[in-house]
Undergrad: 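Would you mind keeping the following structure in view while I ask a few things?
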Amino acid sequence: MPSLPPAPMDWRVLLVDDEEGIRKVMRITLEDAGYQVETAADGAGGLSRCESFAPQILITDIRMPVMDGLELLAAVKQRQPEIEVIVMTAFGEMDLAIRALQLDASDFITKPLHDEAFFLALQRARDRFRARQQVQDYTTLLEAGWARTARELIDTFAFQRNLIDGSLDGILGCDRDDAVVIFNRSLERMLGYTRAQAVGQMTLAGLFHPGEDARFRRALAAEKWGGRGRLALFETALMAKDGQSIPVQASAAILPQPGAMGGLVCFFRDLREVRRLEQEVADQARILHQDKMMSLGRLAASVVHEINNPLAGILNYTRLMLRILKRGPLEATRQADFSRYLALVESETDRCARIVASLLAFSRKSPPAMTELALHDLLNRCALMSRHKLELQKIQLELVIADALPPVRGDANQLQQCIINLIFNAIDAMPEGGSLRLEADRSPCGREVTITVTDTGAGIPTADLPHIFEPFFTTKAEGYGVGLGLSTVFGIMQRHGGTVTAENVAGNGAAFTLHLPLAPAGTSPPER
Ligand SMILES: Nc1ncnc2c1ncn2[C@@H]1O[C@H](COP(=O)(O)OP(=O)(O)OP(=O)(O)O)[C@@H](O)[C@H]1O
Ligand SMILES: [Mg+2]
């Protein structure tokens, strides 16, 4: 026998033949060629060896007793279709060979064996086995690839769906025929339709407030809203399922599709909240305006009232003096009366002037003359100016000025006026005497200094607290208070970038605090 081409040891061949001589010869031939070989003497034995040995190639005789080669072939192909089967026929049994090929045998060889035909059949069986294996590997690979692609597609789809559903804006997609194909959660919330009710069931036109669809289409076709086929920040209205009109800001784009008009994607921003806030702001502005007009009215009425009395007095005395003068030259006895009248005119005019000056201080728009001030000097000056009044009313003054207070920037006269107003109020609050504490310190936050005037009077009734800074609010008897002291303080503090606060002291008395921002470092030296 000529030598067979070398075959790797991992090729296993099962040989089934009822003739022992043939089995022996063929085993030697095959093993010589490098195959692992097992044999069986009949079909049933061959079938069970196929399972245990798992050959890649099965060579079987056709004519065998009990289970013939064709039966074995059919059974093997059913259980282990990957096994390549070569059948052996006797010369002239062509019909059996054809039957074997129909049963998916790889080849047939005729007995007595012709070596070359045998090697060729083996080679072809190996090629077929390998080819089949490759196809299978490739299929497995394709399947794995397909599964991965499918997974990626599912992920991408899920991501896009989340993106669309997560949007606060309503997102709507429709096809070329205007039918809704995308309807996100925000739209569900905004309009009250479910996705199932909208997708494939409704058209874009059906979602608009009547008449708005045509306006939207015109704007989409026009140049001015972001170009033809595009729409940006266009205000329109949709209609909810319950018939409610929903104001929205729409942005839209026609999706490009070659040769034809494509579908449309629209983004709708719900404007109801914006409208509500706009309304609120408008209402507030209206209320503020009304409030301002009322305050102005009250202010005018108070001014009239406050100035009317002194003016009436001045007018009366002036008329009286004119009448006297008309009667003839002024008699010596009348001169004293005249002096008294004129003094009254002077004091009443002075009162008017003070009211006007205080009002001006309250409402002055021009900025104060700011310089850097040492609080120590300022407070001492105020204490000195009130000393006489304090002594008269038997009030103890306690002056507490923190060490190393930083300077503040301010108008010295105006700040002095503030402190004096607070001191005079405190004096008025203690007709029976008491003690007054004038204190200056740095605030806990360190960005401002505080000047506090605390008294031991009756305190401020809670109902009065919201009004004490209003011009002309006074609880004092006519001729004792005009009600301009604290409003003047308020106005001055505002112009200094500071504030004034009032509170009642536990026990008794009231405390008023001026909060003044610190002078920025490196400004002019303190004024004395
Ligand atoms: N230290 C205080 N204790 C109790 N009540 C006070 C004190 N300071 C102010 N008030 C209340 O606030 C009101 C308004 O004070 P404000 O200084 O503006 O006006 P006024 O003192 O009444 O009059 P004016 O200061 O114009 O002479 C006072 O009438 C008083 O009722
Ligand atoms: Mg006062």
Side-chain angles (χ1 to χ4, degrees), residues 295 298-310 347-364 379 382-383 385-386 388-390 392-400 413-439 450-495 498-515:
S295 309
R298 269 206 305 271
L299 188 68
S302 307
V303 173
V304 168
H305 174 79
E306 287 302 327
I307 292 190
N308 212 24
N309 286 349
S347 80
E348 291 299 81
T349 313
D350 186 51
R351 188 163 162 211
C352 287
R354 266 193 294 121
I355 291 171
V356 170
S358 299
L359 268 178
L360 277 179
F362 170 64
S363 64
R364 193 157 29 211
L379 294 179
C382 293
M385 286 166 72
S386 7
H388 180 63
K389 221 167 151 40
L390 288 164
L392 272 181
Q393 296 222 187
K394 301 191 172 51
I395 294 170
Q396 301 287 323
L397 174 71
E398 195 186 346
L399 190 58
V400 190
N413 286 329
Q414 289 189 15
L415 288 184
Q416 188 172 305
Q417 189 186 347
C418 287
I419 299 163
I420 292 285
N421 282 2
L422 295 182
I423 293 175
F424 282 11
N425 277 351
I427 293 174
D428 287 348
M430 298 181 284
E432 311 293 325
S435 68
L436 189 154
R437 187 176 159 95
L438 179 58
E439 203 176 350
T450 54
I451 299 163
T452 307
V453 179
T454 314
D455 61 58
T456 54
I460 309 154
T462 319
D464 289 352
L465 262 175
H467 305 291
I468 54 173
F469 293 104
E470 286 173 13
F472 298 112
F473 176 85
T474 181
T475 54
K476 292 169 192 172
E478 181 125 17
Y480 287 92
V482 180
L484 282 173
L486 287 180
S487 55
T488 306
V489 174
F490 184 89
I492 290 174
M493 289 315 289
Q494 244 188 353
R495 285 191 295 276
T499 50
V500 51
T501 54
E503 60 185 343
N504 279 318
V505 182
N508 56 359
F512 284 79
T513 306
L514 306 178
H515 304 259

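As the structure lists them, so they are numbered: ligands from 1, and atoms in each ligand from 1. Keep in mind that the numbers below use all heavy atoms, side chains included, and drop hydrogens, waters and symmetry copies.
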Undergrad: Please work out which of L484, T454, L486 has its closest non-hydrogen atom nearest to atom 18 (O) of ligand 1.
TA: L486
Undergrad: Could you tell me the residue and atom name of the protein heavy atom closest to atom 11 (C) of ligand 1, and the distance to it rounded to 0.1 Å?
TA: I468 CG2, 4.0 Å
Undergrad: Among the protein atoms near the Mg ion (ligand 2), how many are N, O or S and lie under 2.8 Å away?
TA: 1
Undergrad: To the nearest 0.1 Å, how far is atom 23 (O) of ligand 1 from its closest protein heavy atom, and which atom is that?
TA: G483 N, 2.9 Å
Undergrad: Numbering the atoms of ligand 1 from 1, which are under 4.0 Å from a heavy atom of G481?
TA: 23 (O), 27 (O)
Undergrad: Would you mind listing which atoms of ligand 1 come within a distance below 4.0 Å of any non-hydrogen atom of G459?
TA: 4 (C)
Undergrad: Distance from T474 atom OG1 to D428 atom CG, nearest 0.5 Å?
TA: 8.5 Å
Undergrad: Tell me which protein heavy atom sits closest to atom 3 (N) of ligand 1, plus the residue, atom name and distance to 0.1 Å.
TA: A429 CB, 3.5 Å
Undergrad: Among all protein non-hydrogen atoms, which one is nearest to atom 5 (N) of ligand 1, and what is the separation to 0.1 Å?
TA: I460 CG1, 3.6 Å
Undergrad: Report the member of T475, I427, N421, T488 with the shortest heavy-atom distance to atom 28 (C) of ligand 1.
TA: T475
Undergrad: Taking only heavy atoms of T474 into account, list the atoms of ligand 1 that are under 4.0 Å away from them.
TA: 20 (P), 22 (O), 29 (O)
Undergrad: Report, in ascending order of atom number, the atoms of ligand 1 lying under 4.0 Å from any heavy atom of F473.
TA: 13 (C), 14 (C), 19 (O)
